[in-house]
Amino acid sequence: MKKIYTTFILGLFIIYEGYSQDIIDSETKRTVISNGIGLGSVIAGVTSWERNKSVLLAIIHGFFSWLYVIYFVLTRKKAERK
């Protein structure tokens with residue numbers, strides 16, 4: 001069941017990134033893509049959701065991206081290691 005939620009959240013990030021720039025000119029599109037959601041934000045959001053089950057914390061941790069990913073790796077519990 002947790003894999004379904006994780007896949008759903010990851011899918012939402014991908015869909016949002018893919019379809020949010022359809023009607024924008026190419027210059028703006030390049031700027032948005034280069035400053036858009038990165039891999040670190042996605043990983044941080046998914047790991048935060050798995051640990052805390054809180055949308056607000058997932059958004060905050062997604063903002064801090066790689067800082068939260070490193071924190072998560074250093075502080076993860078035995079049950080989270082697979």
K.L.:
Going by the rule side chain to side chain contact (heavy atoms under 4.5 Å, CB included), which residues pair with Thr7 if we only count those two or more places apart in sequence or in a different chain?
P.N.:
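Here no residue qualifies.
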K.L.:
How many angstroms lie between atom CZ of Arg76 and atom CZ of Arg51, to the nearest 0.5 angstrom?
P.N.:
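The CZ atom of Arg51 is 9.5 Å from CZ of Arg76, to the nearest 0.5 Å.
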K.L.:
Taking all atoms of both residues into account, what is the closest heavy-atom pair of Glu50 and Lys53, and its distance?
P.N.:
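Where Glu50 meets Lys53 most closely, the heavy atoms are O-NZ, 3.5 Å.
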K.L.:
Listed by chain and number, what are the side chain to side chain contact (heavy atoms under 4.5 Å, CB included) partners of Val55, not counting sequence neighbours?
P.N.:
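For Val55 the side chain to side chain contact (heavy atoms under 4.5 Å, CB included) partners, ignoring immediate neighbours, are Trp49, Ile59.
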K.L.:
Which atom pairs, donor and acceptor, lie under 3.5 Å between side-chain atoms of residues 64-71 and protein residues at least two apart or in another chain?
P.N.:
none

K.L.:
Just to verify, which of Asn52, Ile43, Leu56, Val46 counts as forming a side-chain contact (heavy atoms from CB on, under 4.5 Å) with His61?
P.N.:
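So, applying the side-chain contact (heavy atoms from CB on, under 4.5 Å) to His61 and each of Asn52, Ile43, Leu56, Val46, only Asn52 qualifies.
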